[in-house]
S.K.: 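Handing you this structure, nothing more for now.
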There are 2 protein chains.
Amino acid sequence: MKIISWNINSVRVRIEQLLELLRQEKPDIVCLQEIKCESGDFPHLDVRSLGYYAVVLGQKSYNGVAILSRDQPALVSDGLETDIGGLREARAISTRLGSFDVLNVYVPNGDVVSSDKFDHKLKWLDALFESIDSKWFDDDPLIVCGDFNIAPEDEDTHDPAQWKSSVLCDPRVRKRLKTLEDWGLEDLGRDAHEFTWWDYRNQGFEKDEGLRIDLIMATSALKCTKIRVAREFRGMEQPSDHAPVIAEFEAP
Amino acid sequence: MKIISWNINSVRVRIEQLLELLRQEKPDIVCLQEIKCESGDFPHLDVRSLGYYAVVLGQKSYNGVAILSRDQPALVSDGLETDIGGLREARAISTRLGSFDVLNVYVPNGDVVSSDKFDHKLKWLDALFESIDSKWFDDDPLIVCGDFNIAPEDEDTHDPAQWKSSVLCDPRVRKRLKTLEDWGLEDLGRDAHEFTWWDYRNQGFEKDEGLRIDLIMATSALKCTKIRVAREFRGMEQPSDHAPVIAEFEAP
DNA sequence: GATGTACGAG
DNA sequence: CTCGTACATC
């Protein structure tokens with residue numbers, strides 16, 4: 001079973017790259033973040049033509065998440081089912097696919113430390129944990145993936161000193177990720193430390209000034225056999241600033 | 001000697017198509033309209049890499065004209081050298097190239113008849129005639145080309161009834177074009193009546209609902225051997241709404 | 001419909 | 001730097 005997580009940064013701009021990813025990798029599941037369109041504008045027909053169903057939670061300008069799957073999905077939840085700090089953004093969606101569940105998240109970036117947006121990020125991560133803890137047991141087969149906007153360790157940045165005080169490396173967000181790990185979700189890319197995001201500015205990709213902030217996590221009921229980053233998608237014409245992360249599991 | 005006139009509708013968006021045109025046609029001269037950038041933002045290096053010099057008169061958002069040439073050009077004039085109706089827009093540029101002169105124009109569209117913009121169009125055409133009449137004799141070798149925003153005759157529209165009262169077919173603008181012809185400039189495409197522009201809307205190109213508004217005119221000192229419209233550029237991905245017009249002349 | 005502007009977001 | 005928004009021009 002192959003699953004991909006990708007912050008596509010506008011599904012309408014990058015639909016051709018998405019179709020190429022589906023044709024090349026033939027994944028069973030694809031979790032997309034930042035589709036940046038309303039649910040009704042999702043290109044269902046394009047992905048359907050390659051055999052994929054899609055459950056979509058979109059909104060007008062920003063955010064927006066979707067899960068594509070070969071198997072017909074059962075919608076479990078459209079997000080965290082609650083307002084967080086007065087906002088109800090399209091940042092989480094989960095489905096049941098056969099014997100396991102997939103939760104796809106787009107964690108708020110948080111702008112800068114000690115901003116309202118950073119407070120919102122912390123609250124959102126708290127709500128994420130509460131939602132997971134209330135819906136699943138740690139021995140359930142569960143995959144949680146997406147753009148976490150958290151670099152779990154210093155090794156997940158090209159320059160820890162430069163990123164030290166950023167919202168992506170702040171100890172409070174790292175601690176909340178640790179809470180998910182302690183609960184029973186393993187960060188499957190933690191040892192490889194492969195970057196998944198490179199800033200559009202300053203030739204970030206060309207200089208390999210990247211971060212690992214897109215994660216695939218899973219409970220121990222699921223056995224991961226392989227995980228890698230499809231860097232080539234970051235090097236294409238008109239790329240997303242994120243590369244897809246691809247994990248394979250033993251048939252559950 | 002081969003010369004091309006093309007309303008490129010943003011030279012930065014369509015730089016690859018321009019380079020393709022240069023490689024395919026190997027013209028001696030290319031007159032561009034609606035480059036839509038300031039002079040300093042013109043992609044000089046790209047055209048230089050294919051052996052072309054460029055004289056450019058640009059402005060911030062709209063308009064902007066340029067002349068590319070294999071031979072190093074002598075700048076004759078940056079436009080009509082005068083304000084017209086209080087405006088000084090980047091709509092005309094001329095150069096001397098060896099033994100003849102080239103004047104490249106982007107005539108105002110005029111919005112609708114009996115609008116301020118239409119008055120401006122008429123004034124601009126008057127100023128164009130005055131400028132030509134004051135600078136050249138009718139036996140000088142001179143090419144005047146560009147987007148005239150005038151369909152000279154009913155045969156130059158796909159549906160004369162539909163276009164009858166448009167600013168592109170108004171008798172007052174046609175009369176001013178006639179004044180240029182009477183002065184000594186021959187509209188070289190007048191007999192072929194090939195369309196050069198198709199609206200982006202309503203599948204204008206697919207239905208061949210076009211107009212001939214891009215003209216190459218020349219004095220009788222220059223002998224035209226061929227003129228055609230490179231329609232294929234209108235059928236490409238992300239096309240300009242205008243196709244290039246290509247004329248060939250006996251070596252002067 | 002396809003450009004440009006300016007802005008807010010990342 | 002590259003998305004989205006909304007608006008103006010053709």
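Reckoned from all heavy atoms, side chains included, excluding hydrogens, waters and symmetry mates.
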S.K.: Hey, mind stepping through B:Ser5 and B:Gln33 against side chain to side chain donor-acceptor pair (under 3.5 Å) and telling me if it holds?
M.R.: CA-CA 8 Å; B:Ser5 175; B:Gln33 305 88 38; 3.2 Å; yes

S.K.: Please report the distance, rounded to the nearest Å, between CD in B:Gln33 and C1' in C:dA2.
M.R.: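 Value for this atom pair: 18 Å.
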
S.K.: Output the rounded distance in Å from CD1 (B:Ile35) to P (C:dG4).
M.R.: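 Spelled out: CD1 on B:Ile35 to P on C:dG4 is 12 Å.
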
S.K.: Taking atom P of C:dA9 as reference, at what distance in whole Å does atom OH of A:Tyr106 sit?
M.R.: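 Nearest whole value for this atom pair: 12 Å.
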
S.K.: Would you indicate whether the side-chain heavy atoms of B:Val107 and B:Lys121 approach each other to under 4.5 Å?
M.R.: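 In short, these two side chains touch, coming nearer than 4.5 Å.
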
S.K.: Going 5' to 3' along DNA chain D, which nucleotides are the first and last within contact of chain B (any atom under 4.0 Å from a heavy atom)?
M.R.: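 Nucleotide range in contact with chain B: D:dA8 to D:dC10.
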
S.K.: So, does A:Arg212 use its side chain to make a donor-acceptor pair with the main chain of A:Glu194 at under 3.5 Å?
M.R.: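 Absent.
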
S.K.: Can you tell which of B:Leu57, B:Leu32, B:Val56, B:Ile29 makes a side chain to side chain contact (heavy atoms under 4.5 Å, CB included) with B:Ile67?
M.R.: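 So, applying the side chain to side chain contact (heavy atoms under 4.5 Å, CB included) to B:Ile67 and each of B:Leu57, B:Leu32, B:Val56, B:Ile29, only B:Ile29 qualifies.
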
S.K.: Please check if the side chain of B:Ser240 supplies one atom and the backbone of B:Arg234 the other of a donor-acceptor pair under 3.5 Å.
M.R.: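 Not confirmed, B:Ser240 side chain does not pair with B:Arg234 backbone.
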
S.K.: Using heavy atoms to find the nearest nucleotide of DNA chain D for A:Arg201 and A:Arg12 separately, return the residue whose nucleotide is more 5′.
M.R.: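 Result: A:Arg201.
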
S.K.: Nearest whole Å is fine: how far is C:dT3 P from B:Trp197 CH2?
M.R.: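 Spelled out: CH2 on B:Trp197 to P on C:dT3 is 15 Å.
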
S.K.: Let me know the distance between CD of B:Glu237 and C1' of C:dA2, rounded to the nearest Å.
M.R.: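 To the nearest whole Å, that distance equals 14 Å.
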
S.K.: Let me know the distance between NZ of B:Lys36 and P of C:dA2, rounded to the nearest Å.
M.R.: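 Value for this atom pair: 12 Å.
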
S.K.: Measure the distance from CG on A:Leu168 to P on C:dG10 and round it to the nearest whole Å.
M.R.: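 Answer to the nearest Å: 11 Å.
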
S.K.: Only one of A:Lys36, A:Gln238, A:His242, A:Glu34 passes side chain to side chain donor-acceptor pair (under 3.5 Å) with A:Asn9; say which it is.
M.R.: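 Only match with A:Asn9 under side chain to side chain donor-acceptor pair (under 3.5 Å): A:Lys36.
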
S.K.: Is the phosphate of C:dG4 approached by B:Ser10 (side-chain N or O, under 4.0 Å from OP1 or OP2)?
M.R.: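 So the side-chain polar atoms of B:Ser10 do come within 4.0 Å of the phosphate oxygens OP1 or OP2 of C:dG4, strictly under.
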
S.K.: If you assign A:Asn149 and B:Gln238 each to the DNA chain C nucleotide with the nearest heavy atom, which residue ends up on the more 5' nucleotide?
M.R.: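 The residue whose closest nucleotide sits nearer the 5' end is B:Gln238.
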
S.K.: Would you say B:Tyr62's side chain and B:Glu89's backbone share a donor-acceptor pair under 3.5 angstrom?
M.R.: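 Between the backbone of B:Glu89 and the side chain of B:Tyr62 there is no qualifying donor-acceptor contact (under 3.5 Å).
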
S.K.: Does C:dT3 have OP1 or OP2 sitting under 4.0 Å from an N or O in the side chain of B:Arg14?
M.R.: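 Yes, B:Arg14 has a side-chain N/O under 4.0 Å of OP1/OP2 on C:dT3.
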
S.K.: Which part of the nucleic acid does A:Glu34 contact within heavy-atom distance under 4.0 Å: base, sugar-phosphate only, or nothing?
M.R.: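 Since no nucleic acid heavy atom lies under 4.0 Å of A:Glu34, the category is nothing.
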
S.K.: B:Leu18 has an atom CG; how far is it from atom P of C:dT3, in whole Å?
M.R.: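 It is 15 Å, rounded to the nearest whole Å.
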
